[in-house]
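Take a look at the structure below.
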Amino acid sequence: MPYRSPWRWNPIRGEYEVPEGDRLQGTGEISAIDAYSNRTIFILGATGFVGKVLLAMILDRFPELKHLVVQVRRKRNVSGEQRFFSEVLPSPTLGPVVRRFGVEEIRRKVTIVEGDVNEKLCGVQPELLGKLDGKVDVVLNLAGLVEFDPPLTDSLVPNVYGVQNLLELVKRLGAKLIHISTCYVAGKKNGRIPEDTPILGYYPKRQGPDDHRFNVAEELRWCEQFVEECKYSLRDSGTRAIRERLQAGGMERAQSWGWINTYTYTKSMGEQLIAGTPGLDFAIVRPAIVESSMRFPFPGWNEGLTTSAPLVLMGGEGVKSWPVRPDGPLEIIPVDLVAMGILIVTAAVLCGKNKQVYHLATADENPVVLPRLVAFLGMNSRYKHKHKKTGSKLANLWKTYVETQVITVEALEARRDRIHRGLDVIHGALNFAKTILGNGRVGPYLKSLRTTRRQIRQQEQTLDKFLPFMIHNSFVFETRNIRKAVAMLTNNDRTRIAWDPETIDWADYWVNIHTKGIEKWIRPVFATQRKTAGA
């Protein structure tokens, strides 16, 4: 029987409340409160979107924790500690925690360690290692590059070589390990994706347990040789040409094995290094597409132009045609549920009750199909442009009353072809007009056309990156392990951390929480970046 959360969120108290007569009792095999009491946790990657929410939630929900060690990278002349107190702690994510406990209490409980996962032993200095030796109970690794198609070297360094450095650190500290990966290491798949698929030797096109063609050590040798060949063959073409070849080559190699992109390819290699480490006590947490917070630290918190934010922004700007599967779900999950899941898994590891892999996803319990999300995007666009006071009145009317629609990839390509042919005609006409009227009168229109072309290309490139999740594949990630872990918690634990994706009202979440959060937190940053790029 699937777990159904009976608790309701109390926004004033900032926690879940158990109603009278609750009949759903935890087994108590795991006591998260006891597990975290008097423990020391080392967190890497706490400055990212998920990391900040997790850090805030640990401090908020488990004051019994003895100590937190948080690694923060130096930025030029700004030390890691300075960055934490000037950039991380003032973040809206940490605001409620700072107000609750005060900066001095956080200073007492949190030690900032400067370093980088890309360095040997993650850059932790020998004298500090000596102080931490045997005193860290568990290392939580959220560090890594979350970019779909970077140059291969950019992805390998944090996601693979960085894991090698991480493993050295964990071994040196004598700690357990929680590693945050992604559900999409599964690669190009359709249907339900289990959690018990063997990690070592995995690649999406694998033909069974006797297929041993993929080996991380051999794959790294291929990558290193490919990188050197690119640098040598393109040495006279410049840095940009080398990076473009490394970008294309990384995607080609990933897709040849069956992965969607370079990101998931390198994340899978990192997982395999962990699984192949003898004697390591670990759990790998694989979230789906991480989106705005549902409740914690407040509804709608988001940060960075990642996950579905570009699509929501495109929808808000009036994009009406979306290529999606008519029957497929989009595997998305609010960031605060991801943080809850990580805390539950960490408690299971500390209690010795953990599995090796945990999917954090929603579609197996509470799917939201893609055409419904398209409708939500249309609702946002209509509302926004109906009340818009600036811009073209005609364009605002069109964006208000023309409905969004689901289209095929073929229709998308045909539409793009028509748009570009039309722009070519306009460009030709303007160039002809320039010969008659002069550049002074026609030049501004040509500049505006170039800006329009650039924006259209950016939209096309963004959409293409999401097509594997929207139309080419249909993923449903099984979440049995996290639900089993929740069932083992005590009732007191579940007033602090809960796993309840089945309670999400997707219409309310997407329209009233997620979209508004992106408009508030992401669009101003996006607008500034676009203005700077066009300057």
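Keep in mind that this is a model prediction, so the values were computed, not measured. Excluded from the calculations below are hydrogen atoms, water molecules and symmetry mates; all remaining heavy atoms, backbone and side chain alike, are included.
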Q: Please report the closest heavy-atom contact between T47 and K52, naming both atoms and the distance.
A: O-NZ, 2.8 Å
Q.
Let me confirm one number: the NZ-CH2 distance from K189 to W259, rounded to the nearest 0.5 Å.
A. 10.5 Å
Q.
Checking side-chain hydrogen bond (donor to acceptor under 3.5 Å, both in side chains) between S181 and each of E271, R286, K267, which is the one that passes?
A. E271
(Q) So, taking the atom named NZ in K188 and the one named CD1 in I260, what distance separates them when rounded to the nearest 0.5 Å? (A) 8.0 Å
Q.
Ring of W222, cation from R253 - is the NZ or CZ under 6.0 Å from the centre and inside 45° of the axis?
A. yes
Q. Can you check whether G300's main-chain N or O pairs, donor with acceptor, with K520's side chain at less than 3.5 Å?
A. no
Q.
Looking at every heavy atom in both A361 and I333, which two are closest together, and how far apart are they?
A. N-CD1, 3.9 Å
Q | Contact summary for T362 and P501, nearest pair of heavy atoms | A | CG2-CB, 3.7 Å
Q | Nearest-0.5 Å distance, CE of residue M294 to OG1 of residue T503 | A | 5.0 Å
(Q) So, taking the atom named CG in N38 and the one named CD in E64, what distance separates them when rounded to the nearest 0.5 Å? (A) 11.0 Å
Q | Check: M251 main-chain N/O paired with D149 side-chain donor or acceptor under 3.5 Å | A | no
Q. Of all heavy-atom pairs between R325 and P371, which one has the smallest distance, and what is that distance?
A. O-CD, 3.4 Å
(Q) Less than 4.5 Å apart, side chain to side chain, heavy atoms only: is that true for I522 and L313? (A) yes
(Q) Do P299 and Y509 make a side-chain contact, defined as non-hydrogen atoms from C-beta onward lying under 4.5 Å apart? (A) no
Q. In Å, rounded to the nearest 0.5 Å, how long is the span from CG of L370 to CD1 of I471?
A. 9.0 Å
Q: Would you check if there is a donor-acceptor pair between the side chains of D493 and T490 at a distance under 3.5 Å?
A: yes
Q) Can you find a pair of side-chain heavy atoms, one from Y161 and one from Q164, that are under 4.5 Å apart? A) yes
Q | Rounded distance [0.5 Å steps], CG in L140 versus CG in L68 | A | 9.0 Å
Q) Any donor-acceptor pair under 3.5 Å linking the side chain of S155 with the backbone of L152? A) no
Q.
Suppose the criterion is side-chain hydrogen bond (donor to acceptor under 3.5 Å, both in side chains): which pairs have a residue in residues 191-202, not counting sequence neighbours?
A. R192-E478
Q) Quick one: are L132 and R172 in side-chain contact, heavy atoms under 4.5 Å? A) no
**Q.** Residues, nucleotides or ligands: over 12 heavy atoms within 6.0 Å of R73 CZ
**A.** no
Q. Taking the six-membered ring for Trp, are W521 and W301 parallel (under 30°), tilted (30 to 60°) or perpendicular (over 60°)?
A. perpendicular
Q: Work out which heavy atom in G45 is nearest to a heavy atom in L142; give both atom names and the distance.
A: O-CB, 3.8 Å
Q) Counting distance only, does the side-chain N/O of D281 pair as donor-acceptor with the main-chain N or O of L177 below 3.5 Å? A) no
Q) Has the side chain of N481 got a donor or acceptor atom that lies under 3.5 Å from a matching backbone atom of K484? A) no
**Q.** N/O donor-acceptor pair under 3.5 Å between W322 side chain and L377 backbone
**A.** no
Q. Hey, mind stepping through L273 and V216 against side chain to side chain contact (heavy atoms under 4.5 Å, CB included) and telling me if it holds?
A. CA-CA 7 Å; L273 289 174; V216 173; 3.8 Å; yes
(Q) If you define the side chain from C-beta out and look only at heavy atoms, does anything of I41 sit under 4.5 Å from Y36? (A) yes
(Q) Regarding R108 and E105, does a basic nitrogen lie under 4.0 Å from an acidic carboxylate oxygen? (A) yes
Q. Should the ring pair F475 and F477 be called parallel, tilted or perpendicular, given that the plane angle runs from 0 to 90° and is split at 30 and 60?
A. parallel
Q: Apply side-chain hydrogen bond (donor to acceptor under 3.5 Å, both in side chains) to the pair E219 and Y265, showing each step before the final yes or no.
A: CA-CA 11 Å; E219 192 65 13; Y265 161 66; 2.6 Å; yes
Q) Going by the angle between their ring planes, with limits at 30° and 60°, are F214 and Y203 parallel, tilted or perpendicular? A) tilted
Q. Which pairs with one or both residues in residues 345-358 pass side-chain hydrogen bond (donor to acceptor under 3.5 Å, both in side chains), sequence neighbours excluded?
A. none
Q) With no hydrogens and no angle check, is any side-chain donor or acceptor of K135 less than 3.5 Å from a backbone partner on L173? A) no
Q. Taking atom types as modelled, is there a side-chain donor on D34 or S37 under 3.5 Å from an acceptor on the other?
A. no
(Q) For a quick check under 3.5 Å, do S292 and H514 share a side-chain donor-acceptor pair by atom type? (A) yes
**Q.** D500 (side chain) donor-acceptor with E502 (main chain) under 3.5 angstrom
**A.** no
**Q.** Side-chain heavy atoms of V113 within contact of V70, under 4.5 Å
**A.** no
Q. Under 3.5 Å, is there a donor-acceptor pair between the side chain of N165 and the main chain of C122?
A. no
Q) side chain to side chain contact (heavy atoms under 4.5 Å, CB included) between L360 and T479: does it pass, once the steps are laid out? A) CA-CA 6 Å; L360 303 183; T479 58; over 6 Å; no
Q. So which heavy atom on L156 is nearest to which on C223, and how close?
A. CD1-CB, 3.7 Å
**Q.** Side-chain donor/acceptor of S91 to backbone N/O of E87, under 3.5 Å
**A.** no
Q. Going by an N to O cut-off under 4.0 Å, is there a salt bridge joining K109 and E104?
A. no
(Q) Taking the basic N atoms (NZ, or NE/NH1/NH2) and the acidic carboxylate oxygens, is any pair closer than 4.0 Å for K176 and D137? (A) no
Q. Looking just at side-chain N and O atoms, do T266 and N159 make a donor-acceptor pair shorter than 3.5 Å?
A. yes
Q: Could you check I58 against L54 for side chain to side chain contact (heavy atoms under 4.5 Å, CB included), going step by step and ending with a plain yes or no?
A: CA-CA 6 Å; I58 291 175; L54 177 65; 4.1 Å; yes
Q. In terms of side-chain heavy atoms, does Y184 have a donor or acceptor partner in E331 at a distance below 3.5 Å?
A. no
Q) Do L311 and M470 come within less than 4.5 Å of each other through their side chains, counting heavy atoms only? A) yes
**Q.** side chain to side chain contact (heavy atoms under 4.5 Å, CB included) evaluation trace for R83 with I112
**A.** CA-CA 10 Å; R83 280 191 64 208; I112 307 304; over 6 Å; no
Q) Would you say D60 and M57 make side-chain contact, with heavy atoms under 4.5 Å? A) no
Q.
Could you walk me through whether T264 and N261 satisfy the side-chain hydrogen bond (donor to acceptor under 3.5 Å, both in side chains) test, starting with their C-alpha distance in whole Å, then the side-chain angles of each, then the deciding distance to 0.1 Å, before giving a yes or no?
A. CA-CA 6 Å; T264 52; N261 50 39; 3.0 Å; yes
Q: Return yes if a side-chain donor-acceptor contact under 3.5 Å exists between E291 and W510, otherwise no.
A: no
Q. Picking from L343, L350, V138, what satisfies side chain to side chain contact (heavy atoms under 4.5 Å, CB included) with I178?
A. V138
